[in-house]
Amino acid sequence: MIFPLSIKSRSYTDTENVGAELARAMLEDGSLPRFVALYGDLGVGKTAFTRGFTSIIAPSARVKSPTFALVNQYKGDTISVFHFDMYRIGSEDELYSIGFFDYTETNNICITEWSENIEYALPPSFVRVEISKDDPNDTDSRRIDVQLVTVAP
């Protein structure tokens with residue numbers, strides 16, 4: 001997978017497939033950051049993307065939005081995926097209270113929905129995935145932009 005990348009998704013399945021491709025790339029290339037920051041409006045497919053991603057790491061996991069739990073863990077054979085919903089997070093204190101920073105210091109993979117709410121807490125290197133509706137005449141059409149982000153110290 002070459003970054004930056006822009007992909008057209010025409011269905012829920014397409015969005016899942018893009019997530020699966022990113023997971024394969026992360027497993028093959030150990031230099032990629034183990035943090036995926038998802039951006040996008042309500043209903044654009046952030047959980048579908050995560051479902052596809054998780055299907056590679058933890059194939060038997062039943063992925064659902066962690067809206068009320070704040071974090072779901074999906075255990076794979078050798079690593080886990082921690083799936084966060086940051087929609088209701090309003091401060092760094094709330095991140096500490098859910099143990100967010102402890103999760104990011106493991107060798108596992110973290111995926112955060114609503115990353116725009118915690119930009120101040122994102123790690124120095126991460127994969128940014130922005131999903132947006134791109135055709136007002138086609139409610140299933142999406143644009144998925146994937147890029148590596150490294151913040152200078």
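Both backbone and side-chain heavy atoms feed into the values below; hydrogens, waters and symmetry mates do not.
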Does either side chain, that of Gln73 or that of His83, offer a donor lying less than 3.5 Å from an acceptor on the other one?
no
Between the side chains of Ser31 and Asp29, is a donor N or O closer than 3.5 angstrom to an acceptor N or O?
yes
If the condition is side-chain contact (heavy atoms from CB on, under 4.5 Å), which residues does [X] pass it with, not counting sequence neighbours?
X      : value
Val18  : Ile7, Phe49, Ile144
Tyr96  : Glu92, Phe101
Asp135 : Asn137, Asp138, Ser141
Ser6   : Arg143, Asp145

Who passes salt bridge (Lys or Arg N to Asp or Glu O under 4.0 Å) against [X], sequence neighbours left out?
X      : result
Asp134 : Lys8
Arg24  : Glu21
Arg34  : none

Minimum heavy-atom distance between [X] and [Y], given as atom pair plus value:
X      : Y      : value
Lys64  : Thr47  : C-CG2, 4.1 Å
Ile131 : Val44  : CG2-O, 3.4 Å
Ala48  : Thr15  : CB-CG2, 4.2 Å
Val127 : Leu22  : CG1-CD2, 4.0 Å
Ala37  : Leu122 : CB-CD2, 4.2 Å

So, using ring-ring contact (aromatic ring centres under 6.0 Å, His included) as the criterion, who are the partners of Phe3 when residues are at least two apart?
none
Does Phe82 have any ring-ring contact (aromatic ring centres under 6.0 Å, His included) partners at least two apart in sequence or in another chain, and if so, which?
Tyr103
Do [X] and [Y] make a side-chain contact, defined as non-hydrogen atoms from C-beta onward lying under 4.5 Å apart?
X      : Y      : answer
Val71  : Ile98  : no
Arg128 : Phe35  : no
Met26  : Glu28  : no
Thr104 : Asp102 : no
Leu32  : Leu148 : yes
Glu113 : Phe84  : no
Asn72  : Val63  : no
Gln147 : Val129 : no

Would you say Asp77 has more than 12 foreign heavy atoms packed within less than 6.0 Å of its CG?
no
State the [atom1]-[atom2] distance between [X] and [Y], to the nearest 0.5 angstrom.
X      : Y      : atom1 : atom2 : answer
Thr112 : Ile118 : OG1   : CD1   : 4.5 Å
Lys133 : Ser9   : NZ    : OG    : 12.5 Å
Ile89  : Ser97  : CD1   : OG    : 6.5 Å

Identify, with sequence neighbours excluded, every residue that meets side chain to side chain donor-acceptor pair (under 3.5 Å) alongside Glu116.
none
Stepwise side-chain contact (heavy atoms from CB on, under 4.5 Å) check, Val151 with Val149
CA-CA 6 Å; Val151 180; Val149 175; 4.2 Å; yes
Any ring pair (Phe, Tyr, Trp, His ring centres under 6.0 Å) pairs touching residues 108-132, not counting sequence neighbours?
Tyr87-Trp114
In a table with atom names and distances, give each donor-acceptor pair under 3.5 Å that connects a side chain of residues 53-60 to protein atoms at least two apart or in another chain.
from, atom 1, to, atom 2, distance (Å)
Thr54, OG1, Thr50, O, 2.9
Ser55, OG, Gly52, O, 2.6

